[in-house]
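Throughout, residue positions are numbered sequentially from 1 according to the sequence presented.
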Amino acid sequence: MSTPTPANTQPAATAAAAEAVKPSNFLRQIIESDLEKGTYATRRWAGSPGDAAHHAKGEPDPAKIRTRFPPEPNGYLHVGHAKSICINFGLARDYGGVCHLRFDDTNPEKEDTEYVNSIIDAVKWLGFDWAQLGQAPGSAAPYQASDYFDFMYRAAEYLIEAGHAYVDEQTPEEMRVNRGDFGKPGVDSPFRTRTPAENLARFREMRDGKLADGAAVLRAKIDMASPNINMRDPAIYRIRRATHHNTGDAWCIYPMYTFAHPIEDALEQITHSICTLEFEDQRPFYDWLMDRLCEGGLLAAPAPKQYEFARLNLTYVITSKRKLAQLVNEGKVNGWDDPRMPTIVGLRRRGYTPAAIQMFAERIGVTKSDSWIDYSTLEGCLREDLEAKAHRGMAVLDPVKLVLTNWDEVMGPGHLEPCQLPALPHPPEGVESPVRHFTIGKEVWIEREDFAEVPPKGYKRLFPGNKVRLKGGYVIECTGCNKDANGNITEVLATVVPDTKSGTPGADSVKVKAAITWVGVADGVNAEVRMYDRLFSDAHPDAGGKNFLESLNPNSLKVVTAIVEPSLANAKPDDKFQFERHGYFVADRVDHRAEKPVFNLAVGLKDSWGK
C-alpha cells in the first residue's frame with residue numbers, strides 16, 4: 001500500500017491515519033487486483049483532460065489510479081457527500097493516485113457559483129486536495145463538466161453518424177408510454193428509422209436554436225425491448241434555453257447526466273468511477289457508451305469502469321437536497337449552516353472536525369448493501385477526536401449564586417484567591433498541559449441542580465450539612481439557602497473549610513464524596529450558549545412517505561445565558577472546548593465575538609439518546 005502523495009497532502013492527524021493499515025473492502029480489493037494485473041498500466045496523461053489524441057501525446061500516467069468526486073453545484077454538500085469525499089480522495093491517497101474534484105454542471109437551471117464555492121471550501125476543510133502529482137497542494141483548479149461540452153457535442157454527432165443515436169420528436173407523454181415498463185417492452189419511436197444524415201441535420205437545428213424547448217431530444221439507439229429500462233434508447237441531449245453559470249448562452253442544448261458523466265470520466269482518464277447504488281442500473285449504459293466512443297477512436301482505452309457502493313443512511317437525518325432546501329426556505333432552521341443541519345457547513349459550525357468525519361467514514365466502512373448507521377456513531381467519533389484535544393473549562397449553564405458566609409472572616413474582606421487547573425488533563429506524551437487561571441471569592445456561581453434543600457436518595461452534592469469540593473478550589477459545607485417571596489431559591493449558603501485548597505498539603509484533610517463545577521462571580525464571563533440537539537425526534541423522519549416536518553424536534557435548540565470561566569473569554573471563533581460535566585462546545589464561527597461570546601454544544605459527554 002502506498003504512502004500519501006504530495007498531490008493529496010493531509011493535515012498531520014489525517015496523514016498519520018493514512019499511514020495506518022486500512023480495513024479491506026470490495027473497492028480496495030478491486031483496485032489492488034487492477035494494480036496487480038496492470039489493468040491501467042498503459043494509460044498516458046497529457047497533463048489535462050482530453051480525448052484519445054490529446055492523451056496519446058502525453059507521458060505514462062504517474063498516477064497509479066484516478067478517482068473523482070463529481071458533485072453537481074446545485075446545493076450544499078451533506079454528510080453523505082462527506083463519506084464519498086473520504087472514500088474517493090482516501091483511495092487515491094492510499095494507492096499513489098490522484099482524485100479529481102469535478103463539477104458536474106450540466107444542468108444550468110439549478111446551478112450557482114455560490115454552491116461551487118461552498119463545495120471547494122468543504123473539500124479543502126475536510127483535508128483533501130485535487131492537485132496533480134508534482135503540483136503544489138492548492139495550486140489546481142477544479143475541473144468542470146461544462147468545459148467538455150464541445151467534446152460531448154462531437155461525441156453525439158459521432159454516435160449519430162455511426163447509427164447509434166437519433167433525434168426523437170415524440171411528445172414527453174408519448175415517449176413515456178412507448179418506453180414500456182418492467183412487464184412490457186418498449187415501442188420503437190416513429191423517428192427511430194431516420195437516416196444518419198437526417199438525424200445529423202435535425203440535431204444541428206436543435207443546436208442552432210431552431211426548435212423549441214422540449215420539441216425534440218437526441219436518444220441513443222440501443223434496444224427498446226431491453227429488460228433494463230435504462231437501455232431503452234435513453235435520452236442523451238435535450239433543448240434547454242437557460243444561461244449557464246460557466247458557459248453563459250453559448251448553448252441551448254445540454255447533455256443528460258447519464259451521457260455526460262461517463263465522458264467526463266474518460267476525458268480525465270479516471271480508472272475507478274465510484275458512485276452510489278442508485279446508479280447501478282445505469283452501468284450498462286456507461287459501458288455501452290464507453291465501448292462506442294473507444295471504437296470510434298474518440299476516447300483512449302482502457303475506459304473507466306463504474307463501481308457502486310451503498311449510500312450513507314444515517315438515523316435522525318434527512319439528506320434530500322429538496323427537503324433540506326425546504327427546511328431553509330420555510331425558516332425551520334437558520335440557514336444551510338445551521339448547526340442542526342447535516343450539511344458539511346452545518347457540521348463544521350456545530351463543532352465537528354475533519355478528523356472526526358474521516359474517522360466516521362472509515363469506521364462505517366464501504367459495502368454494497370444498504371444499512372442504517374445510528375447517529376450516535378458519528379457523535380462518538382467527535383467525542384473520541386476531541387477528548388485529547390479540547391481544552392477544559394468550567395461553565396455554569398443554569399446559575400444560582402453560592403455565598404460563602406465565612407469567607408471574609410477566614411480569608412479577609414474582598415479577598416480573591418487565585419486557583420488553577422490543567423487545560424488538558426491527559427496531554428500527549430512529552431507535552432506539558434497549559435494551565436487555566438481563575439479566582440475564588442466570597443460569591444461564586446454554581447449549577448442550580450447542584451443544590452437540593454431536601455436531597456433525593458443517593459444525592460451527593462450540596463444540601464444542608466453536606467460537604468463538597470469546589471473543583472480546583474476549597475471544600476465547603478452547605479448551611480442552607482435564601483428564597484424570594486415565591487419560594488424560589490435565590491442564593492445557596494455555605495461556609496468555606498480553611499486550608500483545603502486543591503493542590504495544597506491540606507487538600508485531602510477533609511474527605512468529600514463530590515466535587516462540583518463553579519465560576520467566580522468576580523471573574524466569570526457571560527456567554528450565550530446554544531444547546532443543540534438532533535433536528536428530528538424520529539429515527540427515520542421521511543421513511544414510508546411520512547411528512548418529515550411532523551418529526552421536527554421542538555427541543556432541538558435551547559439558548560441560555562451562561563457564565564464561563566475567564567480562560568474561555570479568550571476563545572477565538574471555531575475553538576473547541578470541553579465544558580466540564582456538560583459536553584464539548586465550539587465558539588460559534590459566525591456569531592462569536594470577544595465582547596459577546598457565543599458557544600454551541602457540539603456533543604454531550606455521553607449518548608443521551610441511547611438511554
Side-chain angles (χ1 to χ4, degrees), residues 1-20 22 25 27-28 31 49 62-73 75-104 115-145 264-265 268-276 309 311-312 342-348 352-366 378 381-382 385 574:
M1 183 176 295
S2 301
T3 56
T5 68
N8 289 286
T9 302
Q10 308 294 306
T14 54
E19 294 290 347
K22 303 291 185 181
N25 57 56
L27 291 176
R28 289 182 178 275
I31 291 170
K64 293 182 179 179
I65 67 168
R66 287 185 183 269
T67 60
R68 81 291 171 272
F69 175 63
E72 184 180 355
Y76 284 80
L77 301 184
H78 54 63
V79 64
H81 296 112
K83 175 184 176 180
S84 182
I85 291 169
C86 292
I87 290 172
N88 281 287
F89 281 92
L91 289 172
R93 172 198 64 203
D94 293 346
Y95 291 101
V98 171
C99 181
H100 298 183
L101 174 60
R102 175 213 307 149
F103 292 112
D104 230 322
Y115 302 131
V116 169
N117 294 332
S118 73
I119 291 167
I120 290 173
D121 187 56
V123 175
K124 286 182 176 178
W125 176 73
L126 280 171
F128 297 108
D129 190 83
W130 48 91
Q132 296 298 314
L133 293 172
Q135 289 183 326
S139 63
Y143 295 133
Q144 299 182 96
E264 295 156 23
D265 286 346
E268 294 177 15
Q269 291 289 66
I270 300 302
T271 57
H272 302 83
S273 180
I274 301 165
C275 58
T276 47
F309 68 95
R311 60 176 293 172
L312 173 62
T343 53
I344 293 177
V345 287
L347 291 169
R348 182 178 182 182
Y352 276 83
T353 62
I357 294 175
Q358 289 197 44
M359 185 192 307
F360 173 69
E362 192 71 45
R363 190 159 289 172
I364 62 177
V366 181
L378 176 62
C381 291
L382 182 59
D385 183 49
D574 219 29

Test side-chain hydrogen bond (donor to acceptor under 3.5 Å, both in side chains), reference H100, set Q269, E268, E264, R68, output is E268
*Does a salt bridge link D265 with R102, judged by any charged N lying under 4.0 Å from a carboxylate O?*
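Salt bridge flag = yes for R102 with D265.
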Could you check if a side-chain atom of [X] sits within less than 4.5 angstrom of a side-chain atom of [Y], using non-hydrogen atoms only?
X: L77; Y: I85; answer: yes
X: Y352; Y: C381; answer: no
X: L91; Y: I274; answer: yes
X: F89; Y: V123; answer: yes
X: L312; Y: F360; answer: yes
X: I364; Y: K83; answer: yes
X: I119; Y: P73; answer: yes
X: L27; Y: H272; answer: no

So, for [X] and [Y], which heavy atoms are closest and what is the spacing to 0.1 Å?
X: A136; Y: A131; answer: O-CB, 3.6 Å
X: A82; Y: I344; answer: CB-CD1, 4.0 Å
X: P142; Y: W130; answer: N-NE1, 3.5 Å
X: L133; Y: G96; answer: CD1-O, 4.4 Å

Atom pair [atom1] ([X]) and [atom2] ([Y]), whose distance is rounded to the nearest 0.5 Å:
X: R348; Y: T343; atom1: CZ; atom2: OG1; value: 11.5 Å
X: M359; Y: L378; atom1: CE; atom2: CG; value: 10.5 Å
X: I65; Y: R93; atom1: CD1; atom2: CZ; value: 11.0 Å
X: H81; Y: H78; atom1: NE2; atom2: NE2; value: 4.0 Å
X: N88; Y: F128; atom1: CG; atom2: CZ; value: 10.0 Å
X: F309; Y: T276; atom1: CZ; atom2: OG1; value: 6.0 Å

Do side-chain atoms of Q132 reach the backbone of V98 as a donor and acceptor pair under 3.5 angstrom? no
Under 3.5 Å, is there a donor-acceptor pair between the side chain of D121 and the main chain of N117?
no
**Prompt:** In terms of ring plane angle, is the pair Y115 and Y76 parallel, tilted or perpendicular, where the classes change at 30° and 60°?
**Reply:**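 Y115 and Y76: perpendicular rings.
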Exactly one of I87, D129, T67 clears side chain to side chain contact (heavy atoms under 4.5 Å, CB included) with C99, and that residue is T67
